[in-house]
Amino acid sequence: MPYSMPSASGLVLLVPVSIVALDILRRLVRSRRERKGLPLPPGPTPLPLLGNIHSGGVEEPWSTYTEWQAKYGDMVYARLLGQEYVILNSQSDATELLEKRSQIYSDRPFVASIAPYGMGCNFAFEPYGDHWRLCRRIFHQTFRADSAATFRPLELRTARQIIVNMIDDPDQYASHYLTFSAALTLSAVYDYEISPRNDPMMHIVNGFLKASMPAATAERMVLLGIFPFLLHIPNWLPGSWIRREARASYEWAVKMIETPYQYAQKQMESSQDPTFSMVSDHITRMKKYDEPHRSKYGAALKHASATAFLASAETTSSSLANFTLAMVENPHVWKRAQAEIDSVIGMDRLPEFDDRPSLPYVEAILRETMRWQPVVPLTLQASRMLQRVVMFIRVFTYLKACLSLAPRSTRHARYITGAIVFTNIWAMSRDEARYPNAAKFVPERFLTAEGELNEDDPSGFVFGFGRRRCPGRYAADASLWIAIATMLATLDFNLAKDAGGKDITFEAKYIGGATRHPATFPCRISPRSHIKKECVLAG
Ligand code: HEM
């Protein structure tokens, strides 16, 4: 066939076709190279059989994972005994996997210490399935954005009550914060009004929180995972302590689930017009169902109610403890916030929710509190797919990733559908490119040069990702805002003084577990000169 020059219209077609062909070739070559040379996300070298048991810090694993990020990249692969782990250190990877592929990554891994210690009532640990879905739906109906707004009067009243408690007994600030979050949840969920001191319901809750603490330690998780028979050793044999420890915690759990629930039921029966609460609302809804759905609904309601309590108690109080620590360490911050509050709303009344848009610096303090010390630094999810489906998803994800603009690191996702996925919220909060001097408390990082709020909001990562994302985030945001705004308007935060009148300096220590919070530190919290205790409750 004689050679002929392509026509002008042929050239118009040839150029885009060649570009597409070259791009496909480039992607194929790259994906082959990746498959050959880098079959898994990079990570520390494992020991035979034991895996990376030697490489990670047990106390604060998120810090170790953040160090790994610097060495191996945003997505890190590790192995502990037979279990594979993938650690997501960046918000974009977490969004790519946990949000865009939430149909895969929404399960929770089996943790051997959860059920024996009675923690199974917390649906945050529940595997993906019908019971979890029902719990989540019940929870969502009460705590979604518009419903959560109905709790604002309660949040405002309770925030003012903690100021009175702080003025009365400032050294007990940590206990006042726990009372604050407990009072909110007990009222919203069970219509129970907490008494300021020696409350019987708080006694039960504290009993369970204390007794169940060992269940959240790596030691118990691993011990019971490897030697489940420890839970069956009779009392008269050595080694039965773990069984007794778990049993005691389980008994507290039963009390914690049943006592406030029965209280709410009695309140409903004894009143013509019961106050709205999560339990009263759902007991009414439940009546229209027949058995067996009604029993399932009842069980899910008890668990959703207990979870509301467990999930909010420590997160809210720990956030307030972090806020207090930040104020004591950075007096210029509370002074600037007080100046903003005084100039915007004056000194004759206390902040209310309607003032929120006019107080950008207070808002920036809340954002920085959430970012600076995330109270849930690490979350874990598992793939919920059966092996057969996993295979399909691997192939599908791989093909899709090769042809899409997904971040390069998430293309490894094809290999990890059977692994446990850790989301390292801590690493996201320590992203130096986004948050220079990330270890420092600097609310100004959320303000423009004109003092307006910028677009960066850490609630995009501190509440987790995908289908397991915190469903209490609207309630958490509102209660923390009003507590912080009210404290800034009414209190000064200083270092404590020793007998000689010298400042007591200290180095903050943190306590880990399901949530991370500072150990009690010495400080001097006092009312501002124009604040009178008697007027605080009146606002
Ligand atoms: C500072 C406050 C809070 C923070 C930082 C926080 C953060 C989180 C995070 C990171 C998760 C895990 C998400 C995941 O696995 O991807 C979570 C789960 C959860 N949170 Fe929160 N939370 C807070 C307050 C609350 C409050 C006040 C409530 C209840 C009113 C609540 C209810 C829950 C529940 C029920 C879950 C389990 C969700 C599930 O597994 O389906 N949280 N939270």
Side-chain angles (χ1 to χ4, degrees), residues 62 88 91 94-95 97-99 102 105-109 111 114 119-129 131-145 147-148 151 154-155 158 177-178 180-189 278 300 303-323 366-367 369-382 384 420-426 428-429 457-481 483-484 514-517:
W62 45 86
L88 306 178
Q91 189 172 346
T95 307
L97 283 191
L98 305 180
E99 307 250 323
S102 64
Y105 299 104
S106 43
D107 207 351
R108 294 285 195 225
V111 177
I114 296 292
M119 305 236 305
C121 64
N122 186 342
F123 78 79
F125 301 120
E126 181 74 17
Y128 190 94
H131 183 67
W132 170 79
R133 256 198 301 267
L134 189 52
C135 289
R136 180 110 187 173
R137 199 166 67 229
I138 291 171
F139 197 93
H140 180 68
Q141 276 156 356
T142 308
F143 288 103
R144 63 172 191 256
S147 318
F151 298 125
L154 168 71
E155 286 157 352
T158 318
Y177 295 157
L178 193 58
F180 170 70
S181 58
L184 285 180
T185 326
L186 285 173
S187 183
V189 175
M278 179 164 152
H303 282 187
S305 313
T307 305
F309 192 82
L310 293 170
S312 69
E314 284 194 28
T315 45
T316 306
S317 57
S318 302
S319 302
L320 292 177
N322 283 328
F323 159 77
L366 172 60
R367 288 188 189 178
T369 301
M370 305 294 276
R371 179 210 68 85
W372 178 55
Q373 300 293 340
V375 293
V376 185
L378 200 64
T379 68
L380 67 170
Q381 315 228 357
R384 67 185 180 87
I420 289 178
V421 178
F422 281 116
T423 307
N424 192 0
I425 291 174
W426 179 261
M428 298 171 199
S429 79
D457 189 347
S459 63
F461 59 87
V462 294
F463 290 112
F465 297 84
R467 292 189 193 181
R468 304 302 290 237
R469 191 173 184 209
C470 175
R473 59 191 181 279
Y474 305 108
D477 174 68
S479 59
L480 287 174
W481 184 83
I484 285 177
T515 60
R516 181 175 182 271
H517 58 93

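Keep in mind it's a predicted model, so treat the numbers as computed, not measured. One-based numbering, in listed order, for ligands and for the atoms of each.
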Enquirer: At their closest point, which heavy atom of Leu88 faces which heavy atom of Ala94, and how far apart are they?
Expert: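 In this case the closest contact between Leu88 and Ala94 is CD1-CA, 3.8 Å.
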Enquirer: Would you call Leu380 a ligand 1 contact, heavy-atom distance under 4.0 Å?
Expert: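 The answer is no, since Leu380 has no heavy atom less than 4.0 Å from ligand 1.
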Enquirer: For the residue pair Val189 and Thr142, establish whether any side-chain heavy-atom pair is separated by less than 4.5 Å.
Expert: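 A side-chain contact under 4.5 Å is absent here.
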Enquirer: Any idea which heavy atoms bring Ser318 and Arg516 closest together, and the distance?
Expert: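 Of all heavy-atom pairs spanning Ser318 and Arg516, the closest is CB-O, 3.9 Å.
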Enquirer: Pair Arg468, Ser106 - check side chain to side chain donor-acceptor pair (under 3.5 Å), show working.
Expert: CA-CA 6 Å; Arg468 304 302 290 237; Ser106 43; over 6 Å; no
Enquirer: Identify which of Arg469, Met278, Met370, Arg136 has a heavy atom lying nearest to atom 38 (C) of ligand 1.
Expert: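 Minimum heavy-atom distance to atom 38 (C) of ligand 1 goes to Arg136.
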Enquirer: Give me the nearest non-hydrogen protein atom to atom 40 (O) of ligand 1 as residue plus atom name, then the distance to 0.1 Å.
Expert: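 For atom 40 (O) of ligand 1, the nearest protein heavy atom comes out as Arg468 NE, 2.9 Å.
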Enquirer: Purely on distance, is any nitrogen or oxygen of Gln381 under 3.5 Å from one on ligand 1?
Expert: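 Min N/O separation from ligand 1 is below 3.5 Å for Gln381.
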Enquirer: Tell me, which protein residue and heavy-atom name are nearest atom 10 (C) of ligand 1, and how many Å apart are they?
Expert: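 Nearest neighbour among protein heavy atoms for atom 10 (C) of ligand 1, to 0.1 Å: Val462 O, 3.4 Å.
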Enquirer: Has Glu126 got any heavy atom lying under 4.0 angstrom from an atom of ligand 1?
Expert: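 Flag not set, Glu126 not near ligand 1.
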Enquirer: Test side chain to side chain contact (heavy atoms under 4.5 Å, CB included) on Val462 and Val376 and set out the steps.
Expert: CA-CA 7 Å; Val462 294; Val376 185; over 6 Å; no
Enquirer: Check Ala300 against His131 and note the closest heavy-atom contact, atom names and distance.
Expert: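 Heavy atoms only, the tightest pair is CA-CE1, 3.7 Å.
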Enquirer: Just let me know how Phe125 lines up against ligand 1, side chain, backbone, both or neither, with a heavy-atom cut-off below 4.0 Å.
Expert: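 Within the 4.0 Å criterion, Phe125 makes no contact with ligand 1.
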Enquirer: Identify, by atom number and element, the atoms of ligand 1 in contact range of Phe465, meaning under 4.0 Å from any of its heavy atoms.
Expert: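 The list of qualifying atoms is 16 (O).
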Enquirer: Please step through side chain to side chain contact (heavy atoms under 4.5 Å, CB included) for the pair Thr379 and Asn424, ending with a clear verdict.
Expert: CA-CA 7 Å; Thr379 68; Asn424 192 0; over 6 Å; no
Enquirer: So which of Asn322, Val375, Leu178 actually passes side chain to side chain contact (heavy atoms under 4.5 Å, CB included) with Ser317?
Expert: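 Per the side chain to side chain contact (heavy atoms under 4.5 Å, CB included) rule, the option paired with Ser317 is Leu178, out of Asn322, Val375, Leu178.
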Enquirer: Yes or no: does Phe123 have any heavy atom under 4.0 Å from an atom of ligand 1?
Expert: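 Phe123: in contact with ligand 1 (<4.0 Å).
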Enquirer: Let me see the working for Ser312 and Thr185 under side chain to side chain donor-acceptor pair (under 3.5 Å), right down to the final yes or no.
Expert: CA-CA 7 Å; Ser312 69; Thr185 326; 2.8 Å; yes
Enquirer: May I ask you to identify, for Thr185, whether its side chain, its backbone, both or neither come under 4.0 Å of ligand 1 on a heavy-atom basis?
Expert: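 Thr185 to ligand 1: no contact under 4.0 Å from either part.
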Enquirer: Tell me the protein heavy atom at minimum distance from atom 5 (C) of ligand 1, and give that distance in Å.
Expert: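 Checking every protein heavy atom, the shortest distance to atom 5 (C) of ligand 1 gives Val375 CG2, 3.6 Å.
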Enquirer: Nearest to atom 29 (C) of ligand 1, what protein heavy atom do you find, and at what distance?
Expert: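 For atom 29 (C) of ligand 1, the nearest protein heavy atom is Phe139 CZ, 3.5 Å.
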Enquirer: Check each atom of ligand 1 against the heavy atoms of Thr307 and keep those under 4.0 Å away; list them by number with element.
Expert: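 Close to Thr307: 35 (C).
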Enquirer: For atom 12 (C) of ligand 1, grab the closest protein heavy atom and report residue, atom and distance to one decimal in Å.
Expert: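 Of the protein heavy atoms, Thr379 CG2, 3.8 Å lies nearest.
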Enquirer: Evaluate the side chain to side chain donor-acceptor pair (under 3.5 Å) criterion for residues Tyr105 and Arg467: first the C-alpha distance (whole Å), next the side-chain angles of each, then the deciding distance (0.1 Å), finally the verdict.
Expert: CA-CA 8 Å; Tyr105 299 104; Arg467 292 189 193 181; over 6 Å; no
Enquirer: Considering distance alone, does some N or O of Arg467 sit under 3.5 Å from an N or O of ligand 1?
Expert: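 N/O-N/O distance below 3.5 Å does not exist for this pair.
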Enquirer: Which atoms of the protein, restricted to N, O or S, are nearer than 2.8 Å to atom 21 (Fe) of ligand 1?
Expert: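 Atoms qualifying: Cys470 SG.
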Enquirer: Under the side chain to side chain contact (heavy atoms under 4.5 Å, CB included) criterion, do Met278 and Phe139 qualify, and how do the steps go?
Expert: CA-CA 8 Å; Met278 179 164 152; Phe139 197 93; 4.3 Å; yes
Enquirer: Give me the residue, atom name and distance of the protein heavy atom closest to atom 1 (C) of ligand 1.
Expert: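 Minimum-distance protein heavy atom for atom 1 (C) of ligand 1 reads Ser319 OG, 3.2 Å.
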Enquirer: Which atoms of ligand 1 sit under 4.0 Å from any heavy atom of Leu480?
Expert: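 The atoms of ligand 1 under 4.0 Å from a heavy atom of Leu480 are 1 (C).
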Enquirer: State the OG-CG distance between Ser479 and Leu184, to the nearest 0.5 angstrom.
Expert: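 Taking OG in Ser479 and CG in Leu184, the distance rounds to 5.5 Å.
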Enquirer: Write down the atom of Trp426, the atom of Trp62, and the distance for their closest heavy-atom approach.
Expert: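 Smallest heavy-atom distance, with atoms named: CG-CD1, 3.5 Å.
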Enquirer: Quick one: closest heavy-atom pair of Ala476 and Phe463, and the distance?
Expert: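 Scanning both residues completely, I find the closest heavy atoms to be CB-CE2, 4.2 Å.
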